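One is the number of the first residue; the rest follow in order along the sequence. On a predicted model such as this, the values are computed, not experimentally measured, just so you know.
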Amino acid sequence: MLRTTVAFTKAREPIAAHVATDLLSESDIRELDAAYPSDDRFEKVVFSNQVKRFRLGALWLSRDGGRLPAADRLPAVWSRLLDDLDGPEFTARLSEVTGMELAGLPRDTGLFTHAEGEFISLHHDEPEKALTVVIYFNRDWPAEGGGHFEIRASHNPATAPVRSLPPAAGTAVAFDSSVWHATSTVTTGRTLRAAVLEFWRARPER
């Protein structure tokens, strides 16, 4: 299902963030969008400390390639996508794109949502995290709907993002823990839908 040969482009040197905009076919996007798990299956997570703030819904599906209980109720199309996300071909492609050896690293795979008013503040990830991959599933997302993935050169929120990616279906961004990033507040009545794949050098306790 995943187009593993799709081109990734670097957001800007030397920022370690890579972007693809055509990771899924239009027919697969339509099928995934129609079968996205319902909002009541997601755990609402609100977090705030001196480093990071966010509001989102989370549904964790696999750990180190093994299915978690939440994956048992996945529609067939999402089960196929999870197989691809956790599969060796996509992992090898990410290693090729990023220059990181990812095979064998601990990993977590899941889905997340942002409802209206939800966001992730500007931050970079903990050094224990090797790589994060975010893939979006939002068809016809409104231009002024917020929810943009912002790649930044520093922690200064007054500077413009290096890239501001709307959460358009089929867009993927892969970035290491050094990258400053944020998700702008969702301002539309729609719910933003995405998948996340996290590779760890050493997984912290959740």
Side-chain angles (χ1 to χ4, degrees), residues 1-11 16-37 41-42 54 56-63 65 67-68 70-71 74-98 100 102 105 107-114 118 120 125 129-141 145-151 163-177 179 181-184 186 190-200:
M1 181 179 289
L2 292 175
R3 293 171 163 172
T4 55
T5 59
V6 71
F8 281 79
T9 59
K10 206 162 192 181
H18 308 262
V19 178
T21 57
D22 200 21
L23 191 61
L24 292 159
S25 71
E26 180 59 32
S27 61
D28 285 336
I29 287 168
R30 285 196 301 269
E31 190 175 359
L32 289 162
D33 183 55
Y36 198 85
R41 295 197 58 196
F42 288 76
F54 61 82
L56 52 80
L59 181 66
W60 291 104
L61 299 174
S62 70
R63 184 179 177 94
R67 298 290 180 94
L68 297 174
L74 280 181
V77 65
W78 280 99
S79 187
R80 293 199 305 273
L81 180 65
L82 184 58
D83 286 342
D84 277 7
L85 288 171
D86 284 338
E89 187 176 357
F90 190 51
T91 300
R93 177 60 175 147
L94 292 171
S95 291
E96 179 183 12
V97 167
T98 63
M100 305 173 70
L102 300 171
L105 290 184
R107 68 170 71 195
D108 295 298
T109 310
L111 304 178
F112 69 88
T113 61
H114 290 295
E118 295 184 338
I120 301 176
D125 292 331
K129 187 181 286 188
L131 188 74
T132 301
V133 185
V134 177
I135 304 170
Y136 293 103
F137 303 98
N138 307 285
R139 300 174 63 215
D140 305 317
W141 188 258
H148 286 213
F149 187 90
E150 298 179 346
I151 300 167
R163 293 282 299 272
S164 181
L165 302 167
T171 296
V173 56
F175 55 97
D176 77 17
S177 61
V179 175
H181 60 283
T183 298
S184 66
V186 172
R190 291 178 56 183
T191 297
L192 182 153
R193 298 170 168 179
V196 62
L197 173 58
E198 300 175 333
F199 293 90
W200 297 93

Do any N or O atoms from the side chain of [X] and from the backbone of [Y] form a donor-acceptor pair under 3.5 angstrom?
| X | Y | result |
| --- | --- | --- |
| Tyr36 | Ala194 | yes |
| Arg93 | Thr4 | yes |
| Arg67 | Ser79 | yes |
| Ser184 | Gly146 | no |
| Thr183 | His148 | no |
| Arg41 | Ala70 | yes |

Is a salt bridge present between Arg3 and Asp84, judged by a nitrogen-to-oxygen distance below 4.0 Å? no
Look at the rings of Phe175 and Phe149 and say which category their plane angle falls in: under 30° parallel, 30 to 60° tilted, over 60° perpendicular. tilted
Could you tell me how the ring of Phe112 sits relative to the ring of Tyr136: parallel (under 30°), tilted (30 to 60°) or perpendicular (over 60°)? perpendicular
Decide yes or no for [X] and [Y]: does some side-chain heavy atom of the first lie under 4.5 Å from some side-chain heavy atom of the second?
| X | Y | answer |
| --- | --- | --- |
| Leu2 | Glu89 | no |
| Leu82 | Met1 | no |
| Asp86 | Leu197 | yes |
| His114 | Ile120 | yes |
| Val186 | Glu118 | no |

Interatomic spacing from [atom1] in [X] to [atom2] in [Y] - rounded to 0.5 Å:
| X | Y | atom1 | atom2 | result |
| --- | --- | --- | --- | --- |
| Leu81 | Phe90 | CG | CZ | 9.0 Å |
| Leu56 | Thr113 | CG | OG1 | 7.0 Å |
| Asp108 | Lys129 | CG | NZ | 8.5 Å |
| Leu165 | Ile151 | CG | CD1 | 5.0 Å |
| Glu96 | Thr5 | CD | OG1 | 10.0 Å |
| Trp60 | Thr109 | CH2 | OG1 | 8.0 Å |

[X] versus [Y], closest heavy-atom pair with distance:
| X | Y | answer |
| --- | --- | --- |
| Ala20 | Ala7 | CB-O, 3.5 Å |
| Leu94 | Phe199 | CD1-CE1, 3.9 Å |
| Thr91 | Arg107 | OG1-NH2, 2.7 Å |
| Ala130 | Met100 | O-CE, 3.1 Å |

Let me know which of Leu61, Val133, Ile135 forms a side chain to side chain contact (heavy atoms under 4.5 Å, CB included) with Leu85. Ile135
Pair Trp141, Thr171 - check side chain to side chain contact (heavy atoms under 4.5 Å, CB included), show working. CA-CA 12 Å; Trp141 188 258; Thr171 296; over 6 Å; no
Decide yes or no on side chain to side chain contact (heavy atoms under 4.5 Å, CB included) for Val173 and His181, but give the supporting numbers first. CA-CA 11 Å; Val173 56; His181 60 283; over 6 Å; no
Would you mind writing out the side-chain donor-acceptor pairs for residues 26-33 within the sub-3.5 Å range, not counting sequence neighbours?
from  : atom 1 : to     : atom 2 : distance (Å)
Ser27 : OG     : Ser25  : OG     : 3.2
Asp28 : OD2    : Ser25  : OG     : 3.2
Asp33 : OD1    : Arg193 : NH1    : 3.0

